[in-house]
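Indexing begins at 1, ligand by ligand and atom by atom, following the structure's order.
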Amino acid sequence: MPTLTPIELTTRRLTLRWMNAADAEAHFAIHADPEVARYLSRPPWTELTQAQEAIRQTLAQYASGEGLRLGIVLRETGQLIGHASLFHFVDDSRRCEVGYSLGRPFWGHGHASEALDALLGYGFGTLDLNRIEADIDPANAASGRVLEKLGFKREGYMPERWIVNGEPADTVFYGLLLRDWRARA
Ligand SMILES: CC(C)(COP(=O)(O)OP(=O)(O)OC[C@H]1O[C@@H](n2cnc3c(N)ncnc32)[C@H](O)[C@@H]1OP(=O)(O)O)[C@@H](O)C(=O)NCCC(=O)NCCS
């Protein structure tokens, strides 16, 4: 697992930064929305304590190197509008997975693509990764489009990889290689 140090990534409209306990309410508002949870592997949150616990885990993962979840903040207003993460690091193979969610009012403005472009650059650059993977619900067309815009290739289909609220859910698996990221740049 990588040694993580506090970072701030700046894009045209966004800052990606380490999260902290003060983010709990905004983090809760994002994940209490059933539309945000629709294609995630867990139900929408119902209690603020779930957001507080998630942030506690995020802070523990900064320390252990297990995961890097960055808050996505609008530079203009300072509002936390989502997060993007690198996790499941496999050091010997220099790979990990990526995850991301935005609050619904902020969908459809290119924010996820802009944030992930910066996070992937950090992963392939500073963290020296060779491959980044994503596991998404086949029905999550916006998520698939974000990945494809960033150069990810659809690599496989895994039926019933998840059971969500008692219902089986399939996975489309995407991958992005360092050499393809460099070629795209
Ligand atoms: C997936 C998500 C992060 C996308 O965020 P976003 O900021 O709206 O993404 P972007 O604007 O950067 O790009 C979305 C792309 O999908 C397209 N899109 C949106 N809805 C679509 C749909 N129903 N069908 C096809 N394409 C769609 C958009 O047109 C855009 O593509 P374009 O730039 O070529 O026009 C956001 O919808 C979200 O947080 N969803 C809930 C959580 C989630 O599902 N996370 C991903 C788990 S794998």
Would you say [X] and ligand 1 have an N/O pair spaced under 3.5 Å apart?
| X | result |
| --- | --- |
| Arg145 | yes |
| Val36 | no |
| Gly110 | yes |

Tell me the protein heavy atom at minimum distance from [atom], and give that distance in Å.
| atom | result |
| --- | --- |
| atom 14 (C) of ligand 1 | Val146 CG2, 3.7 Å |
| atom 44 (O) of ligand 1 | Asn140 ND2, 2.8 Å |
| atom 46 (C) of ligand 1 | Tyr100 O, 3.3 Å |
| atom 47 (C) of ligand 1 | Leu40 CD2, 3.6 Å |
| atom 39 (O) of ligand 1 | Leu102 N, 2.7 Å |
| atom 8 (O) of ligand 1 | Gly108 N, 2.7 Å |
| atom 33 (O) of ligand 1 | Lys149 NZ, 2.7 Å |

Legend entry - Closest approach of Pro138 to Asp170 (non-hydrogen atoms, all atoms of both residues): CD-O, 3.1 Å

As a test of the contact definition, would [atom] count as having a protein heavy-atom neighbour under 4.0 Å?
| atom | answer |
| --- | --- |
| atom 29 (O) of ligand 1 | no |
| atom 42 (C) of ligand 1 | yes |
| atom 35 (O) of ligand 1 | no |

Can you establish whether the number of heavy atoms outside [X] located under 6.0 Å from its atom [atom1] is more than 12?
| X | atom1 | answer |
| --- | --- | --- |
| Glu76 | CD | no |
| Glu148 | CD | yes |
| Arg184 | CZ | yes |

Legend entry - Lys/Arg N to Asp/Glu carboxylate O, Arg131 vs Glu155, below 4.0 Å: yes

Legend entry - NZ/NE/NH1/NH2 to OD/OE distance under 4.0 Å, Asp23 and Arg17: yes

Inset, instruction - Can you label the angle between the Phe28 ring and the Trp45 ring as parallel, tilted or perpendicular, going by 30° and 60°? - result: parallel

Inset, instruction - Give the ring-plane orientation class for His111 versus His109, where under 30° counts as parallel, over 60° as perpendicular and anything between as tilted. - result: tilted

Inset, instruction - Measure the CD1-OG distance between Ile30 and Ser101 for me, rounded to the nearest 0.5 Å. - result: 8.0 Å

Inset, instruction - Check each heavy atom of Asp137 against ligand 1 and say whether those closer than 4.0 Å belong to the side chain, the backbone, both or neither. - result: neither

Inset, instruction - Compute whether any side-chain donor of one residue and acceptor of the other, for Glu8 and Thr15, lie under 3.5 angstrom apart. - result: no

Which of the listed options, [options], holds the heavy atom that is closest to [atom]?
| atom | options | result |
| --- | --- | --- |
| atom 6 (P) of ligand 1 | Ala142, Ala115, Ala112, Ser41 | Ala112 |
| atom 12 (O) of ligand 1 | Gly144, Ser143, Ser113, Ala141 | Ser113 |
| atom 38 (C) of ligand 1 | Tyr39, Phe106, Trp107 | Trp107 |

